[in-house]
Amino acid sequence: MKKTILSIIMIMAVGLGLTAQENNDTATRELSKKEQKALEKKKKQQEDSIAHVEAVEAIKNGVYILFVDKTMGRKVYDDSRHLNFVIVENGKILIQTGSATSYSGNNNLGGITVMSEIVGDVKLEEKKNGEVKSSFKVVDNFLSGNVNVKLHKKGNYGEVSILHMKTGDHIVFFGNIVPFTPELASSGAIEVGRLFVSQGWDAFSLGKKHDVGSLMDYLSGAR
């Protein structure tokens, strides 16, 4: 009887020992997950910090590109991200919309491509919290108005808004801002379509006023 009791006690002790070990192993695994999350968070913060510094310098230098992921009226899917962007370079701004599933549109990429010249009223504001704002005026036969650029206080996410002088339309593009280099086009990271044409294939031939309206429709995603 004593042997039986001792055997039961030993089995219980072993069982308790295994349970304690399992609990310790579980705690270790949970701690590892927490550590992994902490490392990933730290890495993301470092990447965001580097991206933010690069975007700030690019805006200051006036040479950058915003890869559009959404406008006020539509979302841009990943397969079309290389067709939707805003480029600022050499005193000019180029705005393009497009779709990976279409070869129509004014630029033959399912959207529109328009360039305008930066003519003045250039302002730059860098806030202590990291937010950066830039504004300037652009003039062209079809795209004339005021442009406002804002880089958010963390990372490189920002926005470019355009208030069109002739129509009064206001359009905002959202996305990541990075330094622009000509190699982006040659590498396939972006594809630039035919620049805006006012005559030849559809209602764009009906006159400048209609052309501007159609232009803004395209940029806002209404067409």
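Within the 4.5 Å cutoff, side-chain heavy atoms of Tyr64 are placed close to those of Val149. When side chains are defined from C-beta on, Val86 counts as touching Ile93, because their heavy atoms get closer than 4.5 Å. Counting only heavy atoms from C-beta outward, the side chains of Ile95 and Ile162 approach each other to under 4.5 Å. Between Glu54 and Val178, every side-chain heavy-atom pair lies at or beyond the 4.5 Å cut-off.
With values rounded to the nearest 0.5 angstrom, Ile112 atom CD1 is found 9.5 Å from Leu143 atom CG. Here CD1 of Ile50 is found 12.5 Å from CD of Gln45. Values are rounded to the nearest 0.5 Å. Here Leu151 contributes atom CG and Glu159 contributes atom CD; the two are 10.0 Å apart, rounded to the nearest 0.5 Å. Ser135 OG to Leu163 CG: the interatomic distance, rounded to the nearest 0.5 Å, is 12.0 Å. For the atom pair CG (Asn176) and CG (Asn156), the distance works out to 4.0 Å, reported to the nearest 0.5 Å. Rounding to the nearest 0.5 Å gives a distance of 13.5 Å between CG of Asn141 and CE of Met115.
No donor-acceptor pair under 3.5 Å is formed between the side chain of Asp140 and the backbone N or O of Ser144. Side-chain N or O atoms of Thr71 include one that pairs as donor or acceptor with a backbone N or O of Arg74 at under 3.5 Å. Within the 3.5 Å criterion, the main-chain N or O of Tyr157 finds no donor-acceptor partner in the side chain of His52. A donor-acceptor pair under 3.5 Å is absent between the side-chain atoms of Asn61 and the main chain of Val63, judged by distance alone. Between the side chain of Ser187 and the backbone N or O of Glu183 there is at least one donor-acceptor pair closer than 3.5 Å. Looking at Ser80, its side chain does come within 3.5 Å of a backbone N or O of Ala100 through a donor-acceptor pair. Between the Gln96 side chain and the Leu83 main chain, a donor and an acceptor come within less than 3.5 Å of each other. In terms of modelled atom types and a separation under 3.5 Å, the side chain of Asn84 and the main chain of Gly98 share a donor-acceptor contact. With His82 contributing its side chain and Gly188 its backbone, the two residues share no donor-acceptor pair below 3.5 Å.
The minimum heavy-atom distance linking Ile59 with Ser134 is given by the pair CG2-CB, 4.0 Å. Among all heavy-atom pairs drawn from Ile65 and Pro179, the shortest one is CG2-O, 4.1 Å. Across Asn106 and Arg194, no two heavy atoms sit closer than the pair O-NH2, 2.6 Å. Here the closest heavy-atom approach between residue Ile177 and residue Leu66 is recorded as CG1-CD1, 3.7 Å. Shown here for Asn107 and Thr113, the closest heavy-atom pair between the two residues is ND2-OG1, 3.0 Å.
Each of Ile190 and Tyr103 belongs to its own hydrophobic cluster when Ile, Leu, Val, Met, Phe, Trp and Tyr are linked at side-chain heavy-atom distances under 4.5 angstrom. A single hydrophobic cluster is seen to contain both Phe180 and Leu195, as judged by linkage of ILVMFWY side chains at heavy-atom distances under 4.5 Å, directly or through other members. By the rule that hydrophobic residues join a cluster once side-chain heavy atoms approach within less than 4.5 Å of another member, Val138 and Ile171 end up as members of one cluster. Tracing side-chain contacts under 4.5 Å through hydrophobic residues (I, L, V, M, F, W, Y), one never reaches Leu184 starting from Val88; they form parts of separate clusters. Residues Val160 and Ile118 fall within the same hydrophobic cluster, defined by Ile, Leu, Val, Met, Phe, Trp and Tyr side chains chained together at heavy-atom separations under 4.5 Å.
Scanning for side chain to side chain donor-acceptor pair (under 3.5 Å) contacts around Lys133 gives an empty result, with sequence neighbours left out. The salt bridge (Lys or Arg N to Asp or Glu O under 4.0 Å) search around Lys44 returns Asp48, not counting sequence neighbours. With sequence neighbours excluded, no residue forms a side chain to side chain donor-acceptor pair (under 3.5 Å) with Ser116. Residues that satisfy the salt bridge (Lys or Arg N to Asp or Glu O under 4.0 Å) test with Asp78, not counting sequence neighbours, are Arg81. Every salt bridge (Lys or Arg N to Asp or Glu O under 4.0 Å) that Lys137 has, sequence neighbours left out, goes to Asp121.
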Without placing hydrogens or testing angles, list every side-chain donor-acceptor pair under 3.5 Å for residues 122-129, not counting sequence neighbours.
unit_1: Glu126; atom_1: OE1; unit_2: Lys60; atom_2: NZ; d: 2.9
unit_1: Lys127; atom_1: NZ; unit_2: Glu131; atom_2: OE2; d: 3.4
unit_1: Asn129; atom_1: OD1; unit_2: Glu131; atom_2: N; d: 3.0

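Classified by interplanar angle (parallel below 30°, tilted 30° to 60°, perpendicular above 60°), the ring pair Phe67/Phe85 is perpendicular.
Judged by distance alone, the side chains of Asp69 and Tyr77 never bring a donor and an acceptor atom under 3.5 Å apart.
Phe196 and Phe142 have their aromatic ring centers within a separation under 6.0 angstrom.
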